[in-house]
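Take a look at the structure set out below.
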Amino acid sequence: MNIGVVFPQTEIGADRGAIRAYTERVEELGYAHLLAYDHVLGADPEVHTPWHGPYDIDTTFHEPFVLFGYLAAISELELVTGIIILPQRQTALVAKQAAEIDLLTLGKLRLGVGLGWNAVEYEALGTDFSNRGRRIGEQVELMRSLWTQRAVTHRGEYEHVTGAGLAPRPIQQPIPVWFGVASEPAFRRAGRLADGWFPMLPPGSRLDEARTIVDDAASAAGRDPQTIGMEGRVSWSADGVEKLVDQLGRWREAGATHVSVNTMNAGLGGVDGHLAVLETVAGAVLP
């Protein structure tokens, strides 16, 4: 089971030096990958009332593709989007950006995609929030064609391309696409299309039920469920490293191929606090 980190988007701030120090130390500690969340815009709670979202206009988010272009120059880590809100972005542009990151990382990009929850972002980016679930499957299919074919002509319900292609194409052909999922339709979609999935559930009976849905959908689509990866997430808390190690063990028993360690929302302050915790965790679980 590969163990990586969740980039502390909301707490690392805007200092380039802090981003570099964090990434280089994570790699030194032996973590396998760095996963970054995605939000383009935050909503103003004074305008959008009542606001119940976990993030707002003052929450910091570095744009993942631009961030990864920088990190590719200073690190050998696998870089993972967890997740890019794909239906609010232009499909061909995401395919191009992902291909470039894959080249710069020498084939170490894992593209996590999902639907998102923030209609305010969709409006600002000129896309339809209401049909995002119907669009994402076609988007993934088109990206895979663009990554693997010199010229693509696509006539779908939502996407249209006429005799066009990417150059250069990525090292991984195609780039692995993982789905963030939190509902039964999303579980089925992951089984049909995903190379892996990020369940928004902890290990236990509900995860087991979700995995059955994913596996059944994969089999129905003529795929081998055993080839589909699964990435869990564990979070640092006041319970300390013993609790986190126990959580990692539960994910391993559940069949996770990857797990990311999240250090946000634990009152750790700046980058030094996050790295201190990650050093403690690495000492307990990494060779």
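Keep in mind that what you see is a predicted model, and the values were worked out from it rather than measured.
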Looking just at side-chain N and O atoms, do [X] and [Y] make a donor-acceptor pair shorter than 3.5 Å?
{"X": "Q173", "Y": "T148", "result": "no"}
{"X": "Q9", "Y": "H62", "result": "no"}
{"X": "S145", "Y": "H154", "result": "no"}
{"X": "R155", "Y": "T162", "result": "yes"}

Looking only at non-hydrogen atoms, find the nearest pair between [X] and [Y] and report the distance.
{"X": "A18", "Y": "I12", "result": "O-CD1, 3.9 Å"}
{"X": "I57", "Y": "P45", "result": "CG2-CD, 4.2 Å"}
{"X": "P202", "Y": "L207", "result": "O-CB, 3.4 Å"}
{"X": "N262", "Y": "S235", "result": "ND2-OG, 3.1 Å"}
{"X": "G269", "Y": "H274", "result": "O-NE2, 3.4 Å"}
{"X": "A164", "Y": "L146", "result": "O-CD2, 4.2 Å"}

CA sep, side-chain torsions, deciding dist, call: V113, T81, side-chain contact (heavy atoms from CB on, under 4.5 Å):
CA-CA 7 Å; V113 301; T81 58; 5.5 Å; no
Membership question, hydrophobic clusters at under 4.5 Å side-chain separation (ILVMFWY): are [Y] and [X] in the same one?
{"X": "I85", "Y": "F65", "result": "no"}
{"X": "V40", "Y": "I101", "result": "no"}
{"X": "M1", "Y": "W236", "result": "yes"}
{"X": "I213", "Y": "F198", "result": "no"}
{"X": "L77", "Y": "I19", "result": "yes"}

Is the backbone of [Y] close enough, under 3.5 Å, to the side chain of [X] for a donor and an acceptor to pair up by distance?
{"X": "Y31", "Y": "L286", "value": "no"}
{"X": "E138", "Y": "Y158", "value": "yes"}
{"X": "R223", "Y": "D215", "value": "no"}
{"X": "R211", "Y": "A254", "value": "yes"}
{"X": "T153", "Y": "G163", "value": "yes"}
{"X": "T10", "Y": "M264", "value": "no"}
{"X": "S75", "Y": "A72", "value": "no"}
{"X": "T49", "Y": "E46", "value": "no"}
{"X": "E121", "Y": "Q88", "value": "no"}
{"X": "E231", "Y": "G196", "value": "no"}

Check [Y] with [X], please: is the shortest side-chain N to carboxylate O separation under 4.0 Å?
{"X": "E253", "Y": "R250", "value": "no"}
{"X": "E157", "Y": "R135", "value": "no"}
{"X": "D195", "Y": "R144", "value": "yes"}
{"X": "E184", "Y": "R188", "value": "yes"}

Strictly under 6.0 Å, is that where the ring centroids of Y55 and Y37 end up?
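No: the rings miss the under 6.0 Å criterion.
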Please determine which of Q172, Q97, K108, R110 meets the side chain to side chain donor-acceptor pair (under 3.5 Å) test together with D102.
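Checked Q172, Q97, K108, R110 against D102; only one passes side chain to side chain donor-acceptor pair (under 3.5 Å): Q172.
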Answer yes or no: is there a side-chain heavy-atom contact under 4.5 Å between [X] and [Y]?
{"X": "P87", "Y": "L115", "answer": "yes"}
{"X": "T263", "Y": "V281", "answer": "no"}
{"X": "T91", "Y": "M143", "answer": "yes"}

Contacts of E63 that satisfy salt bridge (charged side-chain N to carboxylate O under 4.0 Å, His left out) - sequence neighbours left out:
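Once residues adjacent in sequence are excluded, the partners of E63 under the salt bridge (charged side-chain N to carboxylate O under 4.0 Å, His left out) criterion are R89.
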In terms of ring plane angle, is the pair W197 and F187 parallel, tilted or perpendicular, where the classes change at 30° and 60°?
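Plane angle over 60°, so perpendicular.
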Could you go through the side-chain contact (heavy atoms from CB on, under 4.5 Å) check for D224 and T227 one step at a time?
CA-CA 6 Å; D224 180 0; T227 65; 3.8 Å; yes
Would V140 and F179 count as a side-chain contact (heavy atoms from CB on, under 4.5 Å) here? Give the steps.
CA-CA 10 Å; V140 170; F179 282 33; 3.8 Å; yes
Determine, step by step, whether W117 and H39 satisfy the ring pair (Phe, Tyr, Trp, His ring centres under 6.0 Å) criterion, reporting the C-alpha distance in whole Å, the side-chain angles of both residues, the deciding distance to 0.1 Å, and the verdict.
CA-CA 10 Å; W117 51 266; H39 280 289; 5.5 Å; yes
Is the NZ or CZ atom of R20 both under 6.0 Å from the centre of the six-membered ring of Y22 and within 45° of that ring's axis?
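Pair R20/Y22 does not count as cation-pi.
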Under 6.0 Å from the ring centre and within 45 degrees of the ring axis: does the NZ or CZ of R169 meet both conditions for the six-membered ring of W147?
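Output no; distance or angle outside limits.
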Starting from the C-alpha separation in whole Å, work towards a yes-or-no answer on side-chain contact (heavy atoms from CB on, under 4.5 Å) for F7 and V5.
CA-CA 6 Å; F7 181 73; V5 302; 5.9 Å; no
